[in-house]
Amino acid sequence: MIRSLLFVPGNNPGMIQSADVFGADGVIFDLEDSVHIYEKDNARMLVKSFLRNHPIHPAKIVIRVNSVDSPFFSADLEAVVGDEIDYVLLPKARISDIKMLTEKLETIEKEKKLKKQIAIMPLIESAVSLVETEGIAEFPRVSALMFGAEDFTADMGITRTKQGKELAYPRAKIAVACHAYGVQAIDTPFTDVDDEDGLFRDASEAASLGFAGKAAIHPRQIEIINRVFSPSDDNIIWAKRIFEAKKEADQKGHGVFSLDGKMVDKPVISRAETIREKAIACKKWDDGFEK
Amino acid sequence: MKNSLEREIPDGKKPFISPTSYAERIYHSLPETRHDGNPVFLDDLDDAFKALDIKPGMTISFHHHLRNGDHVLNKVAHLIEKHDLHDINLAPSSVFPEYDLVPVIEQGRINDIYTSYLNGPVAQAIQKGFLKGNLIMQTHGGRARSIEEGELKIDVAFLACPSVDRQGNGSGAFGKSACGALGYGISDLYRAKKVVLVTDNVVDKLEKYQFDHRFVDYVVKIDSIGNPEGIVSGTTRITRDPIGLKIARDTSFLLERLNVLKNGVSLQTGAGGTSLAVMDQIGKRMAELNIKGNILSGGITSYHVKMLEAGLFKNIYDVQCFDLEAVRSFRENAGHIGISASEYANPFHKDAIVDKLDAVILGATEIDLDFNVNVTTNSFGSIIGGSGGHADTAHGAKVTIITSPLARARIPLIKEKVTTVTTPGEDIDILITERGIAVNPRRKDLLDKLTGTGLPVYDIEELMNLAHKICGKPMEIKKSSEKIGYVEYRDGTVIDSLYRLR
């Protein structure tokens, strides 16, 4: 489970080598927008060198390569794809791009004799990408989708606000598509790094729609994001009580039972199971506190 | 000759034994040197200099409250040169980069220098071997103790004073050069044979003052005692460095888990960006948990003031203000109390503030496998600071925490042996870095409390090896064998030597 993904510019050696210490579930080494065009080769070489030589890596590594239509796409892939990375984050993704990236990855994996298959995380950040979301999500290599609100609102010619009403539709569409195809939905970064309350509200909104995690552009955002996308202590306690009550009902041979005066049936148990799964992934199930 | 930490010390000096061995000896404090209570007012520092009949062999002291903006020390240094004086000992409580002492040192006019903090060109001149005598690095509390005991005998104290009234009382709270508390000059005021207050603001009457006229011989009014921009920074800022912020969050969480953050807590942190971030985190948690603390101490900043004014702490005990907000608070808040360096940290002061601290959060240039800390030199042996209150608070506080990145510019923090010992490992309890926490094995009680908290606790050697894995192990730098001075522990014993740079 990925709750938080920290963006780190690929040309910042200090940030790259300490990216693993901030508690993010994964790190995105960015070769695209945060790297100036003059620095593209520098960033590519630095990230490659870090992946091959540095003794300590983040838990999950995502590389945001430059888009398929850029002159840097192939060179980025050839430099950074290896057993060290988990995902390629593809900007401005369309169905045709995912096809091309899949083929490229297959070739590189074969040439480099990789031990694993690299997953694809398409970035939905234009109107046309959003329209193609379902088609993108169903690709076998796609195991997560990320929403990019800055580019999306720019593409739509609308203003991105802190309240985020304009993001309700794309978020809901992405969340539903992800759920339908069993892939994770990762929300867009919140860009005001000093506004902790705003980040909490924005992340909570995405979580309420079904997003599993959110990207961060500053390490101080991670704690809040992890908190929002982890089951709360109250939810864990509730789920545990559901399982205890179910055990008792099973012993008595009751299919449906009640807890605190409310009926507990299959969907409720299913919700408790989801909480348990997430809590286990966040190492919160045993005692209710994150380790 | 070696002390108990196996550090070479100059022959004939008292070797450091342990942080508690001073308790076995009897403290003889000299009586305070009251004068006739009628200070003479002059308009020219040179006139005071002549009247004082300053001679070779004398010791002249200063406080450092005007920090990088100090004009007083510089004017006295120029007078030493003008009067062609030699064999003068200096005892400034700290030495800042702007202090114009290099010419008189290079001309061979200065014998010993006693101070608690030193960096910049003066440090470089001393390490080139220009000082005739020794550089003696003391702690803030150790300096006050040595003056009170008569170990450091001050002939003349030139004390910069932002406001002086017509009776000769002095305050740092008012005037164009206001710097707030004047705590580091008070031992000098009470024990120096002659005391000169140097001011640029004479007022009719001060209702509140730290320098009492009964101890003052001369008041000299000059145009300007300091450059306000160098005296206090306009603002002090929390670090924005993500590593510093992470360390700060972990420190606050750790204090909570150690049950230190509770009603009545007394704390001290430094004034650096990471320390302020720790203070900010602690403040937020105290507000959330409705905890009311007792004492905040040390160098005071706007963040400390904010906590006092929010009712999170009962009192600030202030030896030195670091920014304009702290100066304002010192002037206006009844709960913001100025204290002397002796009341703050003298090991023999029965009611010293450092002994009341539940926790202190300090920095380190290096720490070693025995938890000895160096804040005096860098890993190349260059003097870049000094104890200040480091060793004093580390000993006094119930829990002493060092916060630092595991490596700075590819130089690992943890060494097998530190280049210079400033604070003995026996007084250091916990090291917090961005990649893990180490607890001194002497503090099994703390280790037990942290078990099961989810905090990443390692053996300090494991953390050192982790740093070596990331940065490589640096080549050992050989010290010169020529000593240029030594580091005193707070009780006056010698904890380490200082060397000429190769």
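Below, chains carry the letters A, B, ... as their sequence lines are ordered, and counting in each starts from 1. Computed from heavy atoms alone, side chains included, the values below leave out hydrogens, waters and symmetry copies. On a predicted model such as this, the values are computed, not experimentally measured, just so you know.
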Revision key, fill the gap. Which of Lys40(A), Glu39(A), Arg44(A) passes side-chain hydrogen bond (donor to acceptor under 3.5 Å, both in side chains) with Asn42(A)? It is Glu39(A)
**Study point:** Residues Thr422(B) and Thr376(B): side-chain donor-acceptor under 3.5 angstrom
**Key:** yes
Exercise for review: Under 4.5 Å heavy-atom distance to chain A, tell me which part of Arg410(B) shows up: side chain, backbone, both or neither.
Suggested key: neither
**Study point:** Part of Glu223(A) lying under 4.5 Å from any heavy atom of chain B
**Key:** side chain
Exercise for review: Name the region of Asp20(A), side chain, backbone, both or neither, that has any atom closer than 4.5 Å to a heavy atom of chain B.
Suggested key: side chain
Exercise for review: Measure the spacing between OG1 of Thr423(B) and CD1 of Ile367(B) and express it to the nearest 0.5 Å.
Suggested key: 10.0 Å
**Study point:** Trp285(A) six-ring centre to Lys278(A) NZ/CZ under 6.0 Å and within 45° of normal
**Key:** no
Check your understanding: Is it the side chain or the backbone of Lys469(B) that comes within 4.5 Å of chain A heavy atoms, both, or neither?
Key -> both
